[in-house]
Amino acid sequence: MDDFYRDFILDHYRNPRNFGHLPEPDAVAEDRNPLCGDEMRVEIAVDESGNVSDIRFSGKGCAISQASASMLLEQARGKSLEHLLALGKESVLENVGIDISPTRMKCAMLGLSVLKSAALAGLAKAESE
Amino acid sequence: MDDFYRDFILDHYRNPRNFGHLPEPDAVAEDRNPLCGDEMRVEIAVDESGNVSDIRFSGKGCAISQASASMLLEQARGKSLEHLLALGKESVLENVGIDISPTRMKCAMLGLSVLKSAALAGLAKAESE
Amino acid sequence: MSRTASALVAGERDVRADFPILGERTSRGKRLVYLDSAATSQKPTVVIDAIERYYREYNANIHRGVYEIAARATDAFEEARAKVARFLNAAESAEIIWTRNATEAINLVAWSWGGANLHEGDVILVSELEHHSNLVPWQLLAERSGSRLRFIPVNDRGELQLDTLDALLEGCKLVAIAHVSNTLGTILPIAEVVARAHAAGAIVLVDGAQAAPHMPVDVRALDADFYVLSAHKMLGPTGIGVLYGKRALLDAMPPFLSGGDMIRSVSYERSTFNELPWKFEAGTSNIADAIAFGSAIDYLEGYGMENIRAHERALLAYAFEGLGALEERGLAIYGPHDPERSSGVISMNFADIHAHDLASILDTEGICIRAGHHCTMPLMGRLDLAATARASFYLYNDRSDVDALITGLEKAAAIFRLS
Amino acid sequence: MSRTASALVAGERDVRADFPILGERTSRGKRLVYLDSAATSQKPTVVIDAIERYYREYNANIHRGVYEIAARATDAFEEARAKVARFLNAAESAEIIWTRNATEAINLVAWSWGGANLHEGDVILVSELEHHSNLVPWQLLAERSGSRLRFIPVNDRGELQLDTLDALLEGCKLVAIAHVSNTLGTILPIAEVVARAHAAGAIVLVDGAQAAPHMPVDVRALDADFYVLSAHKMLGPTGIGVLYGKRALLDAMPPFLSGGDMIRSVSYERSTFNELPWKFEAGTSNIADAIAFGSAIDYLEGYGMENIRAHERALLAYAFEGLGALEERGLAIYGPHDPERSSGVISMNFADIHAHDLASILDTEGICIRAGHHCTMPLMGRLDLAATARASFYLYNDRSDVDALITGLEKAAAIFRLS
Ligand SMILES: Cc1ncc(COP(=O)(O)O)c(C=O)c1O
Ligand SMILES: Cc1ncc(COP(=O)(O)O)c(C=O)c1O
């Protein structure tokens, strides 16, 4: 794990992209890693064609969860909500590019899981409209 | 323990002395060995000078508890209630005349314990009269 | 495991070698003839070693530890849960809740499910042969909730009488029933009881403390709503047991014991709770013993539950035959007296020898049996018995143990001068 | 035991030799630097051996067994209870109830005593630094009974503020409070809280999970009404804990878990209950682990609780000194920061390195610490912390472990490019 903390990871940790809040999000989700208590929130704005037009995350967490979320969200812009829902673990693991120990896997996947919850909320909302 | 079951023990077990009930007991007590469920009841009649004039026990139990009670009660007749209250373990152990394994000690002492409860009840009654 | 499987083929001696205690001698130099497995089973070396290995190599608290041994302990602990799920054929590991023993598992249901679902006038149905652990919690629940107990009767052989079941099920919310009687060995027709209970709108808790050790159990085939067991009766350590419950029921139940580990988030004023199975596991679990119970399950599966059942059935037949010779001297055997309908339990009395005296005399020969009411006082009353002497078998017993028992009974007859 | 005592005199290496796991290497070949004893302690060989001996030589169910090994098991089990009673200076063994852990002990009081004694409008008083296990059960009890929770405040260093205590005690029936904080190490002024609570007519439950392992505890000197602990934090096995209660309170409490062993007599319709302590012990107890906990107590007493306290105090002073050098690089230490007023716990954060990342990096060096909220989420909120990294000591730690921790922190600083 000590080789996990390379420069670009620390940069995403210390300068997370898309961090903060949207004025009028179309879909929001938040979750908590029950084992450590870290919280994360994802807000999505959707354009007319159902693609992500803007996105933010917020919360406190370790370098693994924050950097993983920051990198993942960079790729979410412009994607359809269905596309986000179909994302698997690999999408996170390819970004970090290094094996993550099983004890920290939940940290790495927190962003993915909240992102997918937000996408699901967005789809449900679209359907009910 | 196999040498415990000598002839006089088996005789007391199969033909317990003072077994049954008194028509009008002055004091009664019963108890149960919670570990095996065996029950025993002792009934005492007291004469004017406060000594045991008649006594009975009843209940179901193993040879150890029944024989021990039967032998003990034979010696209780004519004794004062105070005397009964002061009886110790030795009074039972001397009767059986052989070491009793710790697991069976509760069986051997059941009669003594109920006899003493009955004596206590008798003394309490005498006092309140 | 392959060794165990071959041991069965090669004869029973090798199985005994897996259980170190069976090589011990009593203070009188007798070999141990252990016939009290219904009270608690002996443990094979693999189970004892699993405990030792945990404490010597990777003892750590689980679930929240980042470091290596904590991860290893967490994996082993959850792997043991998965083994139990597979062993019982549960739909998922999350339906397996660790408890201290079968008793605690029953109490968990009585307090949590019972507290939320039982009300004034409701009926709880149990059988007349239940262990106190599957009776007293329901008495107390009835008292708390204003509900009433009813009893499925048994006949004089301890067999369940189902002709009045539908009437008994009227107004019934919960049936709590043993899978196998610990006092008589009777195997109960659980699938039928469950089907009829479900038809009447009641759910069923099955007390599997005496079944899970001795025969294949498939909770989904039985369609049991709850199923409980104790590890210590099935080669596992003391201090660990299991509540199986269907997810829908467990999900809807309020928490019972609360504290660390079972929460999701806590503020000063209120808390939200973790998902299954941890929602019901408060505080530090019995980590070592859960892991060791997983090893016990491996051992049992290596032997094969069908093989255990077959072995005990054969031993029971052999014992009934041998004991038959003592019947004319006053030996009375209770229960169905039929290896097809009993698990490996023989409850008896010998002439006028009290069960305690019998057990003491057998003890001098190194033979361990249980004497008393076997935590089924009401059943003893129903059968008009004060106490019985109970011999119970497991996979490590063999014909020589039965022979020793019979010799011991003959010695008791001599000591008590039976003709 | 004499060996242990002399080990202390001869230097600390010999104590480490009593703990087999401390001789293990991690997968990266590092020696184990175990600094997570507040989560669970390591176990000396004597404790592991006690478990093994039970299963290999005299495993049997207790209390009702007539045969030799059952008698031996019963004696050992009750002897362990007597050791706990002596260790805590209880008035009698009957005041010692076995539970699974401290959490279950607290829940027992919440359900049984709380159910019988707490009513609409009553107040339960806890402190702001409680472990979830000494908070959530009271939240749920408050909900069930209509009573309310109040909180004794702590200051920013995690020290109890008692100036408003008398006002807080108004209408209060029960105070539930930690003896030592698991997150900060703070030692709380229990005797004073008890005296003032009693004066106000409230009883006091003391959560001793972090105190009993580390310092002499005398429940009668404290005048605690209930005192709880977990064996696994004090050299004993997982799966066994203790509720101490004053006899008068325990006697008056209704039963909680029910079933085998805790009854006096049972009929189909109702039951009467056994005397203390068995009244609260339903089903087969965790026999092996209770006995092994007795061995842990022997070991602790052989070392001497005063000596453990002195050893940890010295180690804490040494650590504070060593860690001081890192403060200018951003190391923050929480809690009283004073060896006289803390038990062997150091909670910290290092610049902007999240506690989890710190723990992962230390893990690569074989150093085991805990990261997170330590089951005290509300306290973390109160102190405005998301998580801390916690190192905790026990009798087997020494200066080399502190040195390793400091080296590990320096490595983390390098990895995170701290200036
Ligand atoms: C202060 C305190 N109370 C209670 C507990 C709960 O202990 P257990 O999980 O053994 O029940 C702990 C353990 O983390 C603790 O530190
Ligand atoms: C049928 C039955 N149910 C429940 C129990 C209780 O098991 P435990 O004491 O392990 O909780 C037993 C054990 O004697 C049993 O035989």
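Chain letters run A, B, ... following the sequence lines, proteins first, then strands; residues in each count from 1.
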Which residue is it: D:Asn107, D:Leu108, D:Leu140? I am looking for the one with a side-chain contact (heavy atoms from CB on, under 4.5 Å) to C:Leu257.
D:Asn107

Do you know which of D:Ile51, D:Ile240, D:Asn286 makes side-chain contact (heavy atoms from CB on, under 4.5 Å) with C:Asp289?
D:Asn286

Reported [atom1]-to-[atom2] distance for the pair [X] and [Y], which is rounded to 0.5 angstrom:
X: D:Glu143; Y: C:Glu269; atom1: CD; atom2: CD; answer: 11.5 Å
X: D:Ile21; Y: C:Tyr54; atom1: CD1; atom2: OH; answer: 8.0 Å
X: C:Thr364; Y: D:Tyr67; atom1: OG1; atom2: OH; answer: 15.0 Å
X: D:Ser258; Y: C:Trp138; atom1: OG; atom2: CH2; answer: 9.5 Å

Before giving the answer on salt bridge (Lys or Arg N to Asp or Glu O under 4.0 Å), spell out for C:Arg100 and D:Glu104 the whole-Å C-alpha distance, their side-chain angles and the decisive distance to 0.1 Å.
CA-CA 11 Å; C:Arg100 177 173 33 250; D:Glu104 191 194 13; 2.8 Å; yes

What pair of heavy atoms forms the shortest contact from [X] to [Y], and how long is it?
X: D:Cys375; Y: C:Asp261; result: SG-N, 4.5 Å
X: C:Val136; Y: D:Gly259; result: CB-N, 4.1 Å
X: C:Thr103; Y: D:Gly283; result: OG1-CA, 3.3 Å
X: C:Asp49; Y: D:Arg56; result: OD1-NH2, 4.5 Å
X: D:Tyr55; Y: C:Lys43; result: CD2-CG, 3.4 Å
X: D:Ala60; Y: C:Tyr34; result: CA-OH, 4.5 Å

Would you mind checking which part of [X] comes under 4.5 Å of any heavy atom in chain C, side chain (CB onward), backbone (N, CA, C, O), both or neither?
X: D:Glu24; value: side chain
X: D:Ile62; value: backbone
X: D:Phe151; value: side chain
X: D:Asn101; value: side chain
X: D:Ile48; value: side chain
X: D:Leu135; value: side chain
X: D:Ser265; value: both
X: D:Ser267; value: backbone
X: D:Ser41; value: backbone
X: D:Leu32; value: side chain

With respect to chain D, which residue among C:Arg382, C:Arg270, C:His374, C:Arg148 yields the maximal number of heavy-atom pairs within a distance under 4.5 Å?
C:Arg270

Specify which of C:Gly239, C:Gly366, C:Ser133, C:Pro378 makes the most heavy-atom pairs with chain D at under 4.5 Å.
C:Pro378

Picking from [options], which has the most non-hydrogen pairs under 4.5 angstrom with chain C?
options: D:Ala142, D:Pro254, D:Pro137; value: D:Pro137
options: D:Leu149, D:Asn134, D:Leu362, D:Thr284; value: D:Thr284
options: D:Ser27, D:Gly241, D:Ser285; value: D:Ser27
options: D:Val266, D:Ile106, D:Val66; value: D:Val266
options: D:Gly381, D:Pro255, D:Pro20; value: D:Pro20
options: D:Ala209, D:Gly115, D:Cys368; value: D:Cys368

For [X], is it the side chain, the backbone, both, or neither that has a heavy atom closer than 4.5 Å to a heavy atom of chain D?
X: C:Glu128; value: both
X: C:Ile69; value: side chain
X: C:Phe19; value: neither
X: C:Thr26; value: both
X: C:Thr376; value: neither

D:Ser271 side chain to C:Gln139 side chain, donor-acceptor N/O pair below 3.5 angstrom:
yes

C:Thr238 side-chain N/O to D:Ala288 backbone N/O, donor-acceptor pair under 3.5 Å
yes

I'd like to know if the side chain of C:Glu52 and the backbone of D:Glu52 have a donor-acceptor N/O pair within less than 3.5 Å.
no

Applying side chain to side chain contact (heavy atoms under 4.5 Å, CB included), run through C:Thr40 and D:Asn59 and close with a yes or a no.
CA-CA 8 Å; C:Thr40 198; D:Asn59 169 67; 4.0 Å; yes

In terms of the angle between their ring planes, are D:Phe256 and C:Trp111 parallel, tilted or perpendicular, with boundaries placed at 30° and 60°?
tilted

Kindly indicate, with the supporting measurements, whether the criterion side chain to side chain contact (heavy atoms under 4.5 Å, CB included) is fulfilled by C:Arg370 and D:Asn61.
CA-CA 10 Å; C:Arg370 188 121 312 219; D:Asn61 215 325; 4.0 Å; yes

Do C:Ile263 and D:Met377 come close enough that some side-chain heavy atom pair is under 4.5 Å?
yes

